[in-house]
Amino acid sequence: MVTPTVRLNPEQQEAVEHTEGPLLVLAGAGTGKTRVITARIAHLLRNGILPEQVLAMTFTNKAAREMRERIAGIVGEERAQFLTMGTFHSFCARLLRRHGEIVGLPRQYTICDSADQLATVRAALRELRVGEEKVKPSAALSQISLWKNQLIGPEQALDLPGDDRDELIARAFRKYEASLRRSRVVDFDDLLLMTLRVMREDAKLLGRLQEQYRYLLVDEYQDTNGPQYEILRLLSSQHRNLCVVGDDDQSIYGWRGADVRKILRFDQDFPEAKIVRLETNYRCTPEILDAANKVIANNRARHPKELRAFEDSGVPVTWLGLYDELQEASMIVTEIRQTVERGEANFGDFAILFRTQSQPRAFEAELRRQKLPYQLTGSQSFFDRKEVRDVLAYLKLLANPEDEVSLLRVINTPPRGVGKGTIEALVGAATEAGSTANQIIDGLIADEASGPKIPPKAMKSLRELFGNLGSLRMQLAHGEPLSEIVAELLTRVDYKAEVERQYDDQQTREARWNGVLEVVDFAVNYTRQARKPTLDGFLEELALNAEDQREEAEEERPQAVSLMTLHAAKGLEWPRVYLVGFEEGTLPHKRSAAEGSVEEERRLAYVGMTRARRVLTVSWAEQRTRYGRPAPCHVSRFFFEATGETPHRGWVAADAAHPVR
DNA sequence: CGATTCCCTCTTTTT
DNA sequence: GAGGGAATCG
Ligand SMILES: Nc1ncnc2c1ncn2[C@@H]1O[C@H](COP(=O)(O)OP(=O)(O)OP(=O)(O)O)[C@@H](O)[C@H]1O
């Protein structure tokens, strides 16, 4: 029998076969690093390693799914299904569901999303009487997250040198942590941190995990942060079979605590490590690779590497300066349509990549106008819709009665006479007692004299709400299917009437209600495909994997133009790529330039350019609508770096005070 | 308490 | 240009 296999060059082959001991594959874009991981797992399985012994970390769950499919194609689905593969976060979430109690995490914990995190920070700042103009909640949240990822707790943060503002944020940090714990909620960072604590506190469990996961593999290692690295170090400390692959030039998550130095110092952490370098790029034409290499060569902090194109010469990179974002969109969409009409490509061969989430708007409008199929990846907007958040808050509250943010969100949605005064009284009583609004209300229901005085109408509504939640929880406990529960919930709170009350035109009502129905669809889908469907599991999927849930629910759209951010495009490739909005202020982004992280922006440009296999078009506009007003733009400095042209008179850098003269 | 209106901010990137 | 929050009135 001929075993199906993948083509590898000698260096890749060497990496695949070096199965014992630490291994670093450090190589540039498109050199086949991910292919090494895939082939290596297949190689392990062919050599008698059980799939249960393999743990592979990818950067997104989608990447994990694709890799699993590829491996299934080589060794068969019946074995591939037992591989442990996914993001660090989903691995940790699963581990905590089983073993979180070791660090005091109740089994029915819920994961809060970014909006809930922000609401918690906002509440903390309010409690400290810090105005939002003094400390922006979003800024406080990213500082808190950075601290957490550096393993700095609230008390240590308070001791850190800093100005008044830092101290306020540190105090908000303390309150933030306390609210999450009271609410039995963990944030994304907690998933990693608590896993780490579990591993450190329970040596026997750690031993079992080390025993089970004999072979660790990590893709995109350059974007691993401190806690993730620590988890890897603990898991691999006995057998040291840790294979990591990455490219320091593609490190684009520094703002989230990722530390490139980890990959550059791998041989210090693992002195016996074997290091493999791959120097042939199998993805891009020489023209594309040359332009990308010229850009990245301007970074000072990097490991220089050889990178040769395997492909034959193709067409030159197209540099396209246009009037505004409307012209940019119509020009590009028209070109895509005409290329497909000429039979030279399919819609799925195209990607439009951009720096920020505000950019796709014009492209979406134009794609719809010209009726081309497209897929916008990574858009949070669906989960930010009010009706979707409302329904999810109800579900989170069902799963976790102590979830304060969710309770406060739904307590008067639909309006049921529980107003500002009542809410303040409840929260005040909770804060004073160091408990939660849920417990105060439970107390009041048992004995109205036990807590703050609440208007009778509000009290009646709270009884009804809690009665409904209670009986739904009961049904849940009796194993009623999730989809039924969601439907029943909507009936009980009469959410449809709420949608109709809020919006008066029929079209909006329908659109909003469809959002609700889509959540119901997610639940149906999840119930169907999950091995053991639970509400906790469903919410976990939504928190860690929202994107996939939406995709599953939508009809297959195999031939569609891809639209995504440069961050989301990492690791992917298309025959034809448009890198749009190539402007000072956008790429490099104004804020990055101000923070002195232009090198990371340059890496983003490098990632974007190297996604293209055969045709790369880079575009910019002279003016762009910002906050509803047109603002002048200048082509990105990366254009000059790639082409060797010099800025003309009047060109202005994002971080410069004066135009070039 | 709830509905309406105005006004402000926001745009970095994500698990 | 949208969406959320504060202010204001019924
Ligand atoms: N030995 C090989 N021969 C031919 N093609 C290869 C070989 N190795 C990889 N490829 C192809 O090269 C392209 C890039 O591979 P892969 O995605 O594994 O690279 P990578 O190093 O992970 O890239 P990046 O870091 O840019 O995401 C893919 O299309 C892959 O199929």
Side-chain angles (χ1 to χ4, degrees), chain A residues 57-64 86-93 111-115 117-119 122 126 131-133 136-139 141-142 145 149 186-192 220 223-225 227-228 251-258 353-361 377-381 383-386 389 412-424 454-455 457-458 461 501-502 540 542-548 564-570 581 585-595 597 600-601 603-604 607-608 624-631 654:
Chain A
M57 302 298 198
T58 57
F59 204 70
T60 61
N61 286 301
K62 189 175 168 197
T87 60
F88 277 96
H89 289 90
S90 52
F91 171 75
C92 293
I111 302 168
C112 74
D113 60 29
S114 320
Q117 281 183 288
L118 212 52
R122 203 170 263 135
R126 214 174 5 238
E132 299 200 355
E133 65 293 340
K136 277 197 308 183
S138 59
L141 180 58
S142 41
S145 176
N149 282 312
V186 300
D187 66 17
F188 291 117
D189 301 324
D190 287 328
L191 290 171
L192 305 174
E220 311 281 7
D223 283 320
T224 304
N225 70 16
Q228 292 170 337
S251 164
I252 54 176
Y253 284 91
W255 53 275
R256 201 171 91 173
L353 307 180
F354 39 84
R355 176 66 176 84
T356 72
Q357 287 293 5
S358 64
Q359 291 171 264
R361 183 163 287 161
T377 299
S379 163
Q380 180 60 32
S381 61
F383 293 93
D384 285 339
R385 285 164 61 172
K386 180 183 180 323
R389 296 208 65 81
N412 200 33
T413 312
R416 46 172 76 91
V418 182
K420 220 174 114 196
T422 305
I423 294 175
E424 244 161 52
I454 303 292
K457 182 164 171 248
S461 298
R501 189 190 61 81
Q502 271 186 59
E540 186 175 306
L542 283 179
L544 299 178
N545 215 357
E547 191 68 22
D548 292 6
M564 64 182 80
T565 62
L566 291 166
H567 285 89
K570 189 172 64 151
T586 301
L587 185 69
H589 195 275
K590 190 165 73 206
R591 266 171 82 164
S592 292
E595 287 163 14
S597 34
E600 186 155 304
E601 299 288 304
R603 293 193 288 270
L604 267 173
V607 167
R624 186 170 291 277
T625 311
R626 272 209 148 138
Y627 311 124
R629 298 261 94 206

How would you label the contact of [X] with the nucleic acid (heavy atoms, under 4.0 Å): base, sugar-phosphate, or nothing?
X	value
A/D189	nothing
A/S592	base
A/F88	nothing
A/Q357	sugar-phosphate
A/T87	sugar-phosphate
A/K136	sugar-phosphate
A/S114	base
A/E595	base
A/R603	nothing

Geometric class of the A/Y253/A/F59 ring pair [parallel <30°, tilted 30-60°, perpendicular >60°]: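 Plane angle between 30° and 60°, so tilted.
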Among A/T565, A/I252, A/L353, the one residue meeting side-chain contact (heavy atoms from CB on, under 4.5 Å) with A/L604: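 Option passing the side-chain contact (heavy atoms from CB on, under 4.5 Å) with A/L604: A/I252.
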Closest to the [X] side chain: [options]?
X	options	value
A/N412	B/dT15, B/dT13, B/dG2	B/dG2
A/H567	B/dG2, B/dT14, B/dC1	B/dT14
A/H589	B/dT11, B/dT13, B/dT15	B/dT11
A/H89	B/dT15, B/dA3, B/dT13	B/dT15

Ring-base stacking, A/W255 with B/dT13 (5.5 Å, 30° cut-offs):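 Taking the rule of under 5.5 Å and under 30°, the ring of A/W255 does stack on B/dT13.
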Gap between atom CD of A/E540 and atom CD1 of A/I111 - 0.5 Å precision: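 CD of A/E540 is found 4.5 Å from CD1 of A/I111.
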Atom pair NE2/CZ of A/H567 and A/R256 - distance to nearest 0.5 Å: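 Result: 9.0 Å between the selected atoms.
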Short side-chain N/O contact from A/N61 to OP1 or OP2 of B/dT15, under 4.0 Å: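 Answer no for this pair, as no side-chain N or O of A/N61 is under 4.0 Å from OP1 or OP2.
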Any N/O donor-acceptor pair, A/S358 side-chain to B/dT11 base, under 3.5 Å: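 Looking at the base of B/dT11, it does pair with a donor or acceptor on the side chain of A/S358 (distance under 3.5 Å).
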Reading 5' to 3' through nucleotides 1-10 of chain C, protein heavy-atom contacts under 4.0 Å coded B for base, S for sugar-phosphate only, - for none: B---S-----
